[in-house]
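Take a look at the structure set out below.
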Amino acid sequence: MDEKYFPETIEEKWQQRWADERAFEAREDDPRPKFYALEMLPYPSGYLHMGHVRNYSIGDALAWYKRLRGFNVLHPIGWDSFGQPAEQAAIKRGIQPRAWTEDNIVAMRDQFKRLGISYDWSREIAAHRPEYYKWDQWFFLKMLERGLAYKRTSAVNWCPKEETVLSNEQSSGGVCWRCGTQVTKKEIEQWYLRITEYAEQLVADIKEIEAGWPEKVLKRQRDWVGRSEGAYIDFKVKDQDEKIRVFTTRIDTIFGATAIVIAAEHPLLPKLLEGSTLKDDLLQFAENIKAARAIKTEDLSEEEEKLGMNTGRLAINPFNGELLPIWVANYVLMDYGAGAVMSVPAHDERDFEFAQKYTLAIRQVIAPVVHGQQSEPVDQASGGDQSIEMKHAFVEYGVLVNSGEWSGKLSTDAIRELAEYAAAKGFGGGAVTYRIRDWGISRQRFWGAPIPVVYCEKCGMVPVPEKDLPVMLPDNAEFSGTGESPLKSVPEFLNTACPKCGAPAMRETDTMDTFVDSSWYFFRYCDPRNDGMPFDTAIAAQWTPVDQYIGGDSHAVMHLIYTRFWTKVMRDLGLVKFNEPVKRLLTQGMVTNRVEGTNEWKAMSKSLGNGVDPDEMIEAFGADATRLFILFAAPVENELRWSETGIEGAVRFLRRVWIMVYKWRPGYAGILPAHTEDGMQAGSLRSQNFSDAARALRRKTHQTIARVTDDFEKLDLNTNVAALMELSNALGEFNVEPASASDADRFVAREAIEALVIMLAPFSPHIAEEMWEGLGHEGGLLNSAQWPVADPELAKQEELEIPVQVNGKLRSRVIVSPDISEADLRELALADSKVQSFIDGHKVVKVIVVPQRLVNVVVK
RNA sequence: GCGAAAGUGGCGGAAUUGGCAGACGCGCCAGACUUAGGAUCUGGUACCGAAAGGUGUGGGGGUUCGAGUCCCCCCUUUCGCACCA
């Protein structure tokens, strides 16, 4: 340890030592309890940005903390290395995606190492390597076998700019999640994974993780799955042997149905129109709706005008035999529920609006409940089945009216009983629907895992046998940028033999969505070199589930729902034994920077020109200060608006600690006492012989240990750093010259310093290691040190300053011993001269004494 | 439009969950050391006031001995959703 703190020298030194000693490699034969700390793996764009630095600094702080607390910590890293940018680079600059990706990985790995993140590099993985994507393909085959993967033609979300298919999640809000371009629809054959099969579990199992996941993420997942309980009802079509099924959550309003409305895409529409003079008009109308939806434009805030046409057909309400006109309208969606609704204008806003526009009957069948009793129908209803005047739909639950034998029942009861009745009569029953759609994984892309099937003229679609995996990506594709998969341009890839009959066959040229890669990667870290299985189940069982996962909340519904789904599939395949892969999730806030020339703060990005290069920060201030600052600057879940002014403070803090450690370190005239068996607890020195200043420092030390330990469990890292600064300040105020210090003083200083150095390691590991070595722990790395233990006795205040209020206003303070009796405290407070002056001339009505806290004198 | 969360000094943010508002840091002010300071150290820094004291956590009301924290109304910001039957 030198007298002066030079970050660049010591950071390089310790990075080398850590690598040489394989300091952070996790071992399966380590008997200590495990802890799996995981950060979302980066896409290898070629450079880290400050958002990465934040993400990985949080994770590393936790990994260090858990190691020091005696856990066997698994802290791995890898590369989400399939995806568009590599292909864009190929199109634009003629670089092969593989070479581009590998170069980027090298560059970013170096950056990670310069940051000194304590990864187990021996477990590094990359999605684009055959030894990884082989297992994507393996999983696909398993799902195919179980009917969880299937192919169908459908209208997909299409990004016209990137010329690729997007999943529902990736086109949320009608725009491409990556480039923001308006999404359109396109008919195409696609591979899907049956995530809907797991819809119920994806909702129900939330109870297993709700304690450890942010509520906002769970809410978005619940909304995404969109579970809805209700009933279906089959309406017979008059004069045709057909039924129309509708889904409703309000079967209690069935007697208020005045029409059936079906989606433009409804398969029954042509049949309904048979023999109708309006057939052509209606079919054209339906086509117009579909077309309008496909190019649904910019302004999403504007609700589309409701458009509809009467088919001229009638449906029969099975509850009362009433005849209802069947309409086609743009506000009914084919891909939700049954693609048809019963229109109840009196009790549904949309139906109401529609009925008003087309003057359909509006019949009230639910009345509000007043004092638990039935009231008159709202808006001076005339009763009966006449249309009535209403300004809005009445959408609340209430009591049924005009509903035959169900009149008088409460909605909640009627919902159940009507569904049961429908089921008994065979024309309906209770039903649950979900908004979530199956996961389309086909991409007309090169840079992804090839979907392992072939098409044979004789045998049709044939899965590639497991023994032939991986289906390798070729190295010589042409990148035209036309939207056709580049794999189609590689005959050696395209043409193959049918695995079944040996006849010439063609390979599938679609590749998998990259979210497949990231759905299970953290299981692969457990056993990254296994070439017989995705991972050994026993080894995975030792490490998983992940104890703490850290990443941006932009993945709240995509990655995080896919990985939950994947885990459930793996469970059903017998690979894991639990339902949920991640116990605790932290969604860290974005790091934003001002966009030059504007007043907007946006996530740092190259295209906006508001990026900050971590390497420049490291060069100017050191990795330790950069990491410390980014964790100190804001609570981990908040947005962090980048500013360089604060980072100087972090450097100053580290330098001050350095100076104090240097001053007190052994070797400086042998100041510190030799290490004692019981280390910092040193019972014999405990209470006697300590000066007031020494006792105050000990107190601060133990208070800080308690606070930091507590804050780590809550991941309150910013207050954690503040606590360390306070301890360092207290140490600075401990005004004792090392050369002339008493044994007791030396002991107390040493205790404070060692605690400080250990607790600093999670934030600024290089300087911590250097100081640890400087303190004489030359044998081992700080890695194997023990987290200090707070002694509550030592942390206790010797005296308390109790605020005294008069009528709730602070008037004075009294200094008392912590175990003063309530009566004594009360007396002391009342006797205080300042307090007296405020009581004077008034009558004391009441005295509130909160032990250890405050006294409030109430006067009149 | 619907839903959720949040509004605390010049700034980032603390506040043991109903008990001293503003910890810690940035910035700023003054001083010291310096040929020099964008280095370092010391002190100060919510607002008004010379002081005593008063005011103060988006605004208004309420509950309470006591409210940044709980309740009601309003305003603002951010995020999510987008006709989901």
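Residue numbers begin at 1 in each chain, while the letters A, B, ... track the order of the sequences.
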Once you apply the 3.5 Å cut-off to both distances, tell me the Watson-Crick or G-U wobble partner of [N], or none.
N	answer
B/G22	none
B/A36	none
B/U45	B/G27

field: Given RNA chain B, 5'-ward residue of the pair A/Ala634 and A/Arg655, judged by closest heavy atom
entry: A/Ala634

statement: Of A/Lys846 and A/Asp716, the one whose nearest nucleotide on RNA chain B sits closer to the 5' end is A/Asp716

- request: Please check if the side chain of A/His266 supplies one atom and the backbone of A/Ala340 the other of a donor-acceptor pair under 3.5 Å.
  value: no

field: Under 3.5 Å: donor-acceptor pair, side chain of A/Arg54, backbone of A/Gly589
entry: yes

Rounded off to whole Å, could you give me the [atom1]-to-[atom2] distance for the [X] and [N] pair?
X	N	atom1	atom2	result
A/Gln221	B/G80	CD	P	15 Å
A/Ile659	B/C41	CD1	P	7 Å
A/Arg811	B/G66	CZ	P	14 Å

message: Check whether A/Tyr5 forms a cation-pi arrangement with A/Arg655 (NZ or CZ under 6.0 Å from the six-membered ring centre, at most 45° off the ring normal).
response: no

message: Of the options B/C83, B/C24, B/A85, whose atoms approach the side-chain atoms of A/Met725 most closely?
response: B/C24

message: Determine whether a donor-acceptor pair (one donor, one acceptor, N or O, separation below 3.5 Å) exists between the side chain of A/Lys306 and the base of B/C83.
response: yes

- request: Under 4.0 Å between any heavy atoms, over every strand shown, what does A/Val850 touch: base, sugar-phosphate, or nothing? Just pick one.
  value: base

- line: Minimal heavy-atom distance between A/Ala259 and A/Trp327, with the atoms involved, is CB-CD1, 4.2 Å

